[in-house]
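What you see is a predicted model, and the numbers here were worked out from it, not measured in a lab.
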Amino acid sequence: MFTEADHEYMSLALRLAEQGLYTSTPNPRVGCVIVQNGQIIGQGAHLKAGEPHAEIMALRDAQAHFPGLIQGADVYVTLEPCSHFGRTPPCADALIEANVKRVIAAVQDPNPQVAGSGLARLKTAGIEVEQGLMEAQARELNIGFISRMTINRPFIRTKIAASLDGKTGLANGESKWITGEAARQDVQHWRARSCAILTGIETVLADDPQMNVRNFPHARQPLRVVVDSQLRLSPSAKILEGGNTLVAYESDAENKAEALTKAGAALIQLRPIDGKVCLQQLLGHLAEHGINEVMVEAGQTLNGALLALNLIDEFVFYLAPTLLGSDARGMFSIPMLDDMANKVRLSILEVRQFGQDIRIRAKPISKP
């Protein structure tokens, strides 16, 4: 049974883990707190791949300030300590060497290279091990990493800005701006925590967007991914500026691949399904390259394709207090339903207001 103090220390560890929200990819976001007799003697977070993990940072902090108190201490960590050699040595070994008394992990590491072996190594060394404290919060913090490790694809979050009647743009394609400045600034947070932003060629041709993080403190730009089956993208498109753009295509009838490559794009040719890029294969490719979270900012065609394939894990809707009418563009291009039993059901996660706009976070409910 976990105590109130246990919850307090793990809450701090989770807050520390959030320091890596925008920077730790492809690694998980992890925080660690070391406690001796009710006193916090060390704390740390993993901030960037290749740099020390949270446990090492916390041990160094404790060594610098309370070197005589580490032995016999309790360690609170948001993810199971690693047991393998990657860019850094195993954290489980460092904890064993420090001779700590107890390790409380919020969640087991889903990485097949660890998956319980870190905790098992600690137990073998005589360290008390407990697991599951504030597990839901820890899993939410690393929802993309867990998805990549367990189902071999990134976590897909689809962002849609729409009017109250569910329209994302006028029939002529005009869509700037449906929502206000406060809502658009909030979008930057979701972009910054994402490893990649996914869009479709129709959106690029209509809006010529940059799809980058702006006016937000961050350490990196997410990969920009364009689904462009027939390679219609212009080499002068803004989305290619600065590189860091991947274009997924199926065929190149106009021989544009070389020009796009010279413009800084990375290209990947994927097998077609009905003449279009295989989205499952694309997401698998992204997972193989360490992409944990993908934010989709696209039109109704790509949104509809992802929805039809059950590839959307979370929706982020921004609803503006406007009406655009029945002829305006919708959120999803899907076949007409002829039975209410076929409706797509969602579970509301959160509702917040930004200026005059409402943000609704929701997830799909699996059909029985």
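Annotation: the span from Leu283 atom CG to Gln280 atom CD amounts to 7.5 Å, rounded to 0.5 Å. Separation of atoms CG (Leu307) and CD1 (Ile334) is listed at 5.5 Å; rounding is to 0.5 Å.
Note on Phe155 and Leu21: separate hydrophobic clusters, where clusters join Ile, Leu, Val, Met, Phe, Trp and Tyr whose side-chain heavy atoms are under 4.5 Å apart, directly or indirectly. Residues Val294 and Ile268 share a single hydrophobic cluster, defined by chaining ILVMFWY side chains whose heavy atoms lie under 4.5 Å apart. With hydrophobic clusters built from ILVMFWY side chains whose heavy atoms lie under 4.5 angstrom apart, Ile41 shares a cluster with Ile96. A continuous path of Ile, Leu, Val, Met, Phe, Trp and Tyr side chains, each step under 4.5 Å between heavy atoms, connects Leu122 with Ile34, placing both in one hydrophobic cluster. In the hydrophobic clustering of ILVMFWY residues, with side-chain heavy atoms under 4.5 Å counting as a link, Leu319 and Leu349 come out apart.
Here the side chain of Asp165 pairs a donor or acceptor atom with the backbone of Leu324 at under 3.5 angstrom. Using modelled atom types, no side-chain atom of Asp228 and backbone atom of Ile201 make a donor-acceptor pair closer than 3.5 Å. Side-chain atoms of Thr322 do not come within 3.5 Å of backbone N or O of Ser163 as any donor-acceptor pair. A donor-acceptor distance shorter than 3.5 angstrom exists from the side chain of Thr168 to the backbone of Gly330, with no hydrogens or angles considered. Within the 3.5 Å criterion, the main-chain N or O of Phe332 finds no donor-acceptor partner in the side chain of Asn303. With hydrogens and angles ignored, the 3.5 Å screen pairs a side-chain donor or acceptor of Glu80 with a backbone N or O of Ser117.
The two atoms that bring Thr150 and Ile146 nearest to each other are OG1-O, 2.6 Å, heavy atoms only. Taking every heavy atom of both residues into account, Leu95 and Leu59 meet most closely at CD2-CD1, 4.0 Å. Smallest separation of non-hydrogen atoms from Pro81 and Val103: CG-CG1, 4.3 Å. Of all the heavy atoms in Val277 and Ala248, the pair that sits closest is CG2-O, 3.6 Å. Smallest separation of non-hydrogen atoms from Met10 and Val77: CE-O, 3.6 Å. Considering all non-hydrogen atoms of both residues, Ile70 and Val100 come closest at O-CG1, 4.1 Å.
Counting heavy atoms from C-beta on, the side chains of Glu350 and Arg359 come closer than 4.5 Å. Using a 4.5 Å heavy-atom threshold, the side chains of Asp357 and Pro321 count as touching. Between Tyr22 and Val213, every side-chain heavy-atom pair lies at or beyond the 4.5 Å cut-off. Side-chain contact between Val187 and Thr179 is absent, with no heavy atoms from C-beta onward closer than 4.5 Å.
Evaluation of the salt bridge (charged side-chain N to carboxylate O under 4.0 Å, His left out) test over residues 290-319, restricted to residues two or more places apart or in two chains, returns Arg29-Glu293, Arg153-Asp313, Arg157-Glu293, Arg157-Glu314, Lys159-Glu297, Arg191-Glu297, Arg193-Glu293, Glu314-Arg361. Sorted by first and then second residue, the salt bridge (charged side-chain N to carboxylate O under 4.0 Å, His left out) pairs with a member in residues 246-262 read Glu258-Lys262; sequence neighbours excluded. Sorted by first and then second residue, the salt bridge (charged side-chain N to carboxylate O under 4.0 Å, His left out) pairs with a member in residues 263-284 form an empty list; sequence neighbours excluded. Pairs of residues two or more places apart, or lying in two chains, never qualify as salt bridge (charged side-chain N to carboxylate O under 4.0 Å, His left out) while including a residue from residues 9-27.
Between Asp327 and Lys167 there is no salt bridge, since no side-chain nitrogen of the basic residue lies less than 4.0 Å from a carboxylate oxygen of the acidic one.
Between Tyr76 and Tyr9, the ring-plane angle classifies as tilted under the 30° and 60° cut-offs. Below 30°, between 30° and 60°, or above 60°: for His189 and Phe216 the angle between ring planes is between 30° and 60°, a tilted geometry. Between Phe317 and Phe315, the ring planes are parallel. Angles under 30° get that label, and only those over 60° would be called perpendicular.
Judged as a side chain to side chain donor-acceptor pair (under 3.5 Å), and not counting sequence neighbours, Ser229 has no contacts.
Around the CD atom of Gln269, the shell of radius 6.0 Å holds more than 12 heavy atoms that belong to other residues, nucleotides or ligands. Counting heavy atoms of neighbouring residues, nucleotides and ligands inside a 6.0 Å radius, atom CD of Gln39 exceeds 12 of them.
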Determine all donor-acceptor pairs shorter than 3.5 Å in which one atom belongs to a side chain in residues 233-242; sequence neighbours excluded.
unit_1, atom_1, unit_2, atom_2, d
Ser234, OG, Ser236, N, 3.2
Ser234, OG, Ser236, OG, 2.8

